[in-house]
Amino acid sequence: MRCTNEKHSQHTYTWNNSIFRVLERSIFCSPRLHLFIKNTVRISVSIQSLSELERVRLQEVALVRLMKDFDLGCQITIPKDGQKRKKSLRRKLDSLSKEKRDKESDSQAFGVPLSQVIVNDRRHKQLQEEQEEQRSTADRVSSLLHLTGRRSTNKELSSSNSSLSSSSETPNEGTTPSTPETALRSRRRGGVSVDCITDLDDSHSRLLEALQLSMPVESHSEKKKKTSDAKLSLNPIYRQVPRVLDSCCQHLQKYGLQTVGIFRVGSSKKRVRQLREAFDQGADVVLDQRHSVHDVAALLKEFLRDMPDPLLTRELYSAFITLDKADQHTVIQLLICLLPACNSDTLQCLLHFLSDVANHAEDSRDADGNEVIGNKMTSLNLATIFGPNLLHKQKSSEKEFSVESSARMEDSAAIISVVQHMIDTHQSLFTVHHDLNEGQVCLQNRNICSF
Amino acid sequence: MREYKLVVLGSGGVGKSALTVQFVQGIFVEKYDPTIEDSYRKNVCEFISLQCELIRLLIVCLQEQFTAMRDLYMKNGQGFALVYSITAQSTFNDLQDLREQILRVKDTEDVPMILVGNKCDLEDERVVGKEQGQNFARQWSNCAFLESSAKSKINVNEIFYDLVRQINRKTPVEKKRAKKKSNCILL
């Protein structure tokens with residue numbers, strides 16, 4: 001039995017996600033096992049390795065803990081991940097004419113809700129792969145036409161399965177599955193989100209259904225809505241980081257770490273606007289050494305600043321700035337658990353990069369003993385610049401600056417301190433510790449009992 | 001005692017804080033910390049022999065993320081030092097927008113202002129020529145222009161004294177009403 005195997009060797013395990021998943025399954029099978037978990041296992045899992053379903057649970061548990069154990073002095077709610085807004089937008093799009101759709105696609109990256117940016121990026125990737133295919137084999141053209149025809153009628157924006165279904169369809173057309181085709185298929189499967197693989201796997205979805213059935217009774221109606229809203233999978237969500245942010249970070253990682261005053265020094269407004277437009281049109285932008293690091297840095301800041309809901313969300317604004325210094329780390333950790341998956345992934349990516357920048361702040365010597373000039377951007381400096389971009393209450397376009405600004409000045413010290421702490425400790429921020437996990441496990445167990 | 005409100009504006013890293021601290025405290029700050037907002041005061045007794053002048057300096061960062069505060073400072077400021085770094089073209093280009101914004105907020109062409117090319121000790125790294133600065137200043141209805149260095153203490157005091165002089169010229173001290181006026185400002 002799996003369970004007993006684990007029992008024996010659990011001290012040598014690093015708790016990677018698959019084990020966690022197996023564990024979860026076994027809990028599901030035998031509630032008694034829960035005791036054993038509660039008493040002995042010290043789990044420390046990264047949030048990013050959790051599945052959609054686990055993340056939703058985590059949000060709930062974190063919220064409960066925050067309210068129970070910490071006096072935050074303010075109301076907190078779980079931030080919406082834009083799913084609802086997206087839904088309504090989708091509905092609107094469906095009902096409205098096609099021009100509206102075109103208009104909406106005007107901006108693909110900037111000033112768009114983060115979850116929508118992710119969807120756009122995914123679509124972009126699919127489109128790109130399609131084009132690649134188109135180029136590679138001529139005899140696939142007909143099947144592709146068929147595909148694209150289908151796509152336009154497909155109302156689902158995040159049609160990750162459509163690309164998969166296409167690959168399972170196409171081999172039937174060819175008389176013999178040629179080698180390049182199969183290679184293409186496997187490459188593709190790796191390229192798309194992990195989520196869509198669940199759709200193929202029946203056993204997974206059955207488990208999923210079962211788990212969703214075991215939701216707590218008290219919030220059953222709410223849960224029902226949720227399940228119909230989004231299909232929660234047990235597989236880890238693929239890394240939801242917007243393309244713009246990812247390519248900016250990669251570029252700066254490569255060319256900008258030694259630049260004095262990176263993110264602080266001004267940029268060319270014209271070139272930044274051009275880059276922004278390119279990304280907004282969904283063009284395939286490749287950032288390389290021709291691009292000035294300051295322009296790319298400005299683009300990154302602009303992307304964060306123009307998000308309709310800031311990365312750390314409006315809902316959590318007060319919680320972040322009023323948190324107590326004493327248990328700052330724990331509270332920040334819990335608050336991060338509350339963030340929608342795409343925000344959390346993006347934040348992790350950003351913080352990881354920023355801490356790398358901060359690590360190059362001081363002058364140093366390379367392996368050959370040559371002096372390397374530091375970029376002078378310590379975590380405090382970076383927090384000063386990024387703080388207001390990550391955490392703000394109102395839209396920058398709002399006019400009440402005169403009233404707001406005085407209040408915001410006081411907040412800004414708190415914002416900077418929180419963001420600095422995040423940069424300094426980012427490595428341990430995105431892990432769920434055993435006690436919290438226990439809560440999660442407990443919750444599930446209770447559900448089983450109550451069912 | 002009359003109070004002058006001077007605002008120092010410019011892109012990030014051009015040396016606004018360095019200039020101000022050099023003027024107020026006579027030291028060159030080596031640290032490289034971005035300022036969001038800072039205010040300094042200096043009494044200048046020797047400047048105009050009879051009167052004791054209080055200069056209140058505000059440093060405002062041009063970083064885009066702090067735009068909300070910028071308008072407010074422009075409204076309250078009396079004289080403006082627009083600073084760029086002679087080692088970075090973009091910091092120079094940014095100032096045109098900034099000037100336009102000031103004129104818009106003030107709703108007049110006649111605003112005490114000085115264009116400052118800082119870091120002139122870094123001659124090796126110069127990107128913005130002196131003539132470029134002068135030309136720019138000429139276009140700005142003959143605005144004052146100086147190249148300065150906070151590090152080598154070149155033209156630092158001159159920037160602020162020139163602004164005070166411009167303000168004096170624009171609004172001459174009226175012995176009786178001056179006091180009242182300053183009270184208002186303080187409030």
Side-chain angles (χ1 to χ4, degrees), chain A residues 259-272 292 294-295 297-299 301-302 304-306 310 361-362 374-413 415-416, chain B residues 7 9-18 29-39 58-77 82-98 100-101 104-105 117-119 122 125 127-128:
Chain A
T259 311
V260 176
I262 183 76
F263 290 116
R264 192 184 165 186
V265 174
S267 59
S268 152
K269 285 200 182 108
K270 197 181 113 207
R271 289 197 301 264
V272 174
S292 149
H294 297 303
D295 294 347
L299 189 75
K301 284 193 287 182
E302 204 166 302
L304 292 168
R305 191 169 50 249
D306 286 357
E362 305 294 330
N375 59 38
K376 299 197 178 175
M377 297 305 285
T378 57
S379 59
L380 176 66
N381 287 355
L382 289 168
T384 310
I385 283 166
F386 274 90
N389 291 331
L390 297 179
L391 204 54
H392 55 82
K393 235 195 303 203
Q394 89 268 35
K395 276 188 175 174
S396 51
S397 57
E398 270 171 48
K399 273 183 182 172
E400 305 149 82
F401 64 89
S402 48
V403 191
E404 281 292 319
S405 62
S406 55
R408 276 179 63 192
M409 269 320 291
E410 282 159 36
D411 290 353
S412 72
I415 292 172
I416 291 164
Chain B
V7 180
L9 289 162
S11 311
V14 295
K16 298 175 292 296
S17 299
V29 278
E30 287 277 358
K31 64 173 182 146
Y32 192 78
D33 296 348
T35 320
I36 300 177
E37 176 228 54
D38 230 334
S39 96
L58 285 167
I59 305 172
V60 183
C61 192
L62 198 128
Q63 296 273 347
E64 320 84 328
Q65 60 264 39
F66 311 120
T67 22
M69 285 172 278
R70 218 190 292 158
D71 279 26
L72 198 68
Y73 288 117
M74 288 184 183
K75 229 179 212 161
N76 292 329
L82 270 58
V83 188
Y84 66 91
S85 157
I86 65 157
T87 65
Q89 186 70 41
S90 62
T91 64
F92 183 68
N93 301 342
D94 283 340
L95 295 183
Q96 183 63 40
D97 284 353
L98 203 58
E100 276 159 24
Q101 202 182 346
R104 204 167 47 236
V105 171
N118 196 28
K119 305 195 187 179
L122 299 171
E125 296 170 40
V127 185
V128 186

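Lettering of chains follows the sequences in order, A, B, ..., and the numbering in each one begins at 1. None of these values were measured; they are calculated from a predicted model.
- Within the 4.5 angstrom heavy-atom criterion, no atom of B/Asn93 approaches chain A.
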* To do: Take B/Asp97 and A/Lys269 through the side-chain contact (heavy atoms from CB on, under 4.5 Å) test and state the conclusion after the steps.
  => CA-CA 11 Å; B/Asp97 284 353; A/Lys269 285 200 182 108; 3.4 Å; yes

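- Nearest heavy-atom pair, A/Asn381 versus B/Tyr32, reported as atom, atom and distance to 0.1 Å: ND2-O, 2.6 Å.
- Counting heavy atoms of neighbouring residues, nucleotides and ligands inside a 6.0 Å radius, atom CD of B/Gln96 exceeds 12 of them.
- Only the side chain of A/Ile416 comes within contact range of chain B, with heavy atoms under 4.5 Å apart.
- When every heavy atom of A/Ser267 is checked against every heavy atom of B/Asp94, the shortest pair comes out as O-OD1, 4.3 Å.
- Taking B/Thr87 as the reference, B/Ser85 meet the side-chain hydrogen bond (donor to acceptor under 3.5 Å, both in side chains) condition, with sequence neighbours excluded.
- Every residue two or more places apart in sequence or in another chain that forms a ring pair (Phe, Tyr, Trp, His ring centres under 6.0 Å) with B/Tyr84 is listed here: B/Phe92.
- Taken from CZ in A/Arg271 to OG in B/Ser90, the straight-line distance is 8.0 Å, to the nearest 0.5 Å.
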